[in-house]
Amino acid sequence: MIERDPDVSPELVAAHGLKPDEYARILALIGRKPSFTELGIFSAMWNEHCSYKSSRLHLRRLPTKAPWVIQGPGENAGVIDIGDGEACIFKMESHNHPSFIEPFQGAATGVGGILRDVFTMGARPVACLNLLRFGAPEHPRTRHLVAGVVAGIGGYGNSFGVPTVGGATNFHKGYDGNILVNAMAVGIARTDEIFYAKATGVGNPIVYLGSKTGRDGIHGATMASAAFEADAEAKRPTVQVGDPFTEKLLLEACLELMRTGAVVAIQDMGAAGLTSSAVEMGAKGDLGIELDLDAVPCREIGMSAYEMLLSESQERMLMVLDPAKEAEAEAVFRKWGLDFAIIGKTTDTLRFVVKHKGEIKADLPIKELGDAAPLYDRPHVAAPKKPKLSPVEVAAPIPNSEALARLIATPDLCSKRWIYEQYDHLILGNTAQPPGGDAAVIRIGDGPKGLALTTDVTQRYCEADPYEGGKQAVAEAWRNLTAVGALPLAATDNLNFGNPEKPEIMGQFVGCIEGIGEACRALDFPIVSGNVSLYNESSGRAIPPTPAIGGVGLLNDASRTASLSIKRPGDKILLIGTTEGWLGQSLYLREICGLENGAPPPVDLSAEKRNGDFLRGLIANRAVTAAHDVSDGGLAIALAEMAMAGGIGATIAAPASLPAHAFLFGEDQARYIVTAAADKAEAIRNEAENAGVACEIIGLTGGDTLTLGAGIAILLADLMRAHEAWLPDYMAGVKF
Amino acid sequence: MKAAIILFPGSNREGDAFRAISAACGEPIIVWHGQTELPAGTDLVVLPGGFSYGDYLRCGAIAARAPIMEAVRDHAVRGGLVLGICNGLQILVESGLLPGVLMRNARMRFVCRMQHLKVERTDTPFTSQYEQGQVIKVAIAHGEGNYEADSETIARLEGAGRVAFRYCDSRGVVGGAANPNGSTNDIAGIYSENFNVLGLMPHPENLIDPLVGGTDGRGLFESLAAFGKAA
């Protein structure tokens, strides 16, 4: 049977997501009409997801360097030096579109993909985190999406055998038609045993490893680069199917193979599959690549070159091997029961040549496939700044005790136990601070060092003021790491936005990047890896701008940490940072007053740094018994969380200088609550004063009640019941 | 105490078991599932937690038929010690070394949390370092831990005192909300007829360090070490 490739028509070009000017660029580059297979390759390499064509220009402005950064953006993941010859390798990536279409597999393969990015570089994964955004709870799809995504994340990570130690989940109608599933993976490697994608040596074998190639996920990356219309469901075949069992075998086989010294270069097959991995390896090494697709292990018969090149079947790797160690390498993979096939070689032609059944299906300039991808300076407009709301402008519609009881049981502030108990967060036996605190803490190997890990963003701030919101996302991650006593070292970003062709969306993107960059510079917290997810829109409506930040911090001694739970009665409660009662864009305003307006709280980065550095010193000296950052819901929620975690009450006084609701629920930044032994509190306050840090003693721990000034006294047991009940009740269908 | 940990494709808590056994009993040997013999002089065989063969077909079913399992069975018949943790218990019931089955959790979801257990008896090689009725805190992490058997088997297990641990709350009250998976009679672990084989769903190997939740899991490994010394 002779198979014929379709003719490349303008309709076919458009169906590949390539604009007419982009197609003209292809014609100019290769001087002829591309073949069907070549069109597929260009579409895979030049879509937004792979080429970053709308974002590249702005991403360059992010700080990516520090003395401890070994590898910044551009490789499979970022790498930082954590001392003693050890490196931490990490990255966050989105799987938004697939997870909306097919929540279980979409989320599962999101986890699988990010784990591969980390172990491709030679690291053993030690932790996963995630950041999830769902639509309004009352939206008919939300419950199904939550159930599927959580089961998918757990299903993959639990079986693979990595603890999922942290995350951030909330709900807003802005995500009704386009949820966010951002997964972060963290691994540890020796600094002198890190593997890169750059191929070297002419004539070296290119080896295909892992699962067989099927027809799943063809054009997944192209799908992820387009907005959703009403036909989202029909895109199901573009979603890949995950197999964590094979991934676990692939991990063990890769790490074993790396120890033999046979690996010259390695790249996982993620978005755009074989095409993207082969081109990247060649282009980075200034080498050509020649592939013979007849040798590719296939799951289905009769696959065309086009399908093999664009399949996003999971759990696959591409390696350049030292030819002298080929047999040794093959034996390792056979032992683990995985496919191993030599499918090509490196060349000195700088061409990407693909052969199939004796025919040359593609012959393209390899460097230009990446370097010559379109680069857009898209028009952007900044939204007008919103006015600051003064505390007195916001009347309290209900008594503060009722507001607290309601807030603690809202979808955003309720306990996420229903979610994290479905993730194995204890495997590997190093989880020193499990989910539920400010940042997770894991011990590194047998210690004494530890890593603190967190994911954060407050999208309502970003929507109201992208610049301040971008700053705040970084500051919050930095603060969460600090609150457990860690020194924040670096971050990964996952920039989720709408359609960049709309100037106001591009304006959000540019504003957030500017804020992120500013905060990262001020806090010495470079971005070392990341992912951009654009076109998060459904039926023309964009999601709120959501630049997720995944932060990594180091503890020299994992036992010198602080957790948020109140440890004993009789400790003094101290508030670090300045409280003005900022209610603009607060959860109180949204949930209690039904308003989403005003300017978000500004972040004073020098106060942020001063206050955080001060707290970190206290924790290192074991001067505090608990610490917690003050964020969503303000002081009252932060203190309630501390009391609930410890099962011990607290009493604080409210100052007369502010309306009580503004003091309790305002979301002023750069603040922490700490507890300390009663006889040490005064010394801490004096020390703070000397360091120029605002710090006040505001109360005392103890009892079975949370008492917040006059007028609020709630039994801890009632608070806990409300806090724990919302999510399980909702998922059981008791609510909505 | 010479211990061997069997490594199946998809095992993932073998490192956790390795650490706990090393601390109490000395460094164990890792044995690949494709081998057909245990190292000479093996006293204790450990089947670790994980998702052997991806839990495909039925959890534990494929691993129960792995080449090494014949040697494990012979070892158990000779009176050798076998400890199956989580997926290890699933493999033990699939290979006929322990009775019953592990069904999906009653709530149909994977569950990972700290869990209290009641130690039912202390006159076995696995529990001598605990107190009778002691409440210990260990980890659980499973989707299929709902232990079931026909009523005759349950009666036989109960009659012979072969229930090793039961799910309870922090005060030692057995059952109710403290049962994480719907397991019959709140069973968390069972012994073989001669008490030389123990299979349990929870993970004592994850509770051996004050920094990571506590040290209540140590007792099991210290009991094995004490048994080895006495033998």
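Letters A, B, ... are given to chains in the order of the sequence lines, protein chains preceding strands, and every chain is numbered from 1. Small disclaimer: the values here were computed from a predicted structure and weren't measured.
- Contact annotation for A:A151: neither backbone nor side-chain heavy atoms come within less than 4.5 Å of a heavy atom of chain B.
- Neither side chain, B:N105 nor B:N146, offers a donor N or O lying under 3.5 Å from an acceptor on the other.
- Within the 4.5 Å cutoff, the side chain of B:Y147 has no heavy atoms near those of the B:N181 side chain.
- Contacts with chain B were tallied for A:Q422, A:Q433, A:E252, A:R417; A:Q422 has the most, counting heavy-atom pairs under 4.5 Å.
- Scanning residues 241-249 of chain A against chain B with a 4.5 Å heavy-atom cutoff picks out A:D243, A:P244, A:F245, A:K248, A:L249, ordered by number.
- Side chains of A:E328 and A:T260: no donor on one and acceptor on the other come within 3.5 Å.
- The candidate from B:Y53, B:W32, B:F110 with the greatest count of non-hydrogen atom pairs under 4.5 Å with chain A is B:F110.
- Rounding to the nearest 0.5 angstrom, the gap separating the NE2 atom in B:H75 from the CG atom in B:D43 is 7.5 Å.
- A cation-pi contact, defined as under 6.0 Å to the ring centre and within 45° of the axis, links A:R143 to A:Y730.
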Side-chain donor-acceptor contacts of residues 434-444 of chain A below 3.5 Å, not counting sequence neighbours, with atom names and distances?
{"from": "A:D438", "atom 1": "OD1", "to": "A:H628", "atom 2": "ND1", "distance (Å)": "2.7"}
{"from": "A:D438", "atom 1": "OD2", "to": "A:H628", "atom 2": "ND1", "distance (Å)": "3.0"}
{"from": "A:D438", "atom 1": "OD2", "to": "A:D629", "atom 2": "N", "distance (Å)": "3.2"}
{"from": "A:R443", "atom 1": "NE", "to": "A:N430", "atom 2": "OD1", "distance (Å)": "3.1"}
{"from": "A:R443", "atom 1": "NE", "to": "A:G445", "atom 2": "O", "distance (Å)": "3.3"}
{"from": "A:R443", "atom 1": "NH1", "to": "B:D209", "atom 2": "OD2", "distance (Å)": "2.4"}
{"from": "A:R443", "atom 1": "NH2", "to": "A:G429", "atom 2": "O", "distance (Å)": "3.1"}
{"from": "A:R443", "atom 1": "NH2", "to": "A:N430", "atom 2": "OD1", "distance (Å)": "3.1"}

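- In this pair, A:Y420 and A:H425 present their aromatic rings perpendicular. The plane angle is above 60°, beyond the 30 to 60° band.
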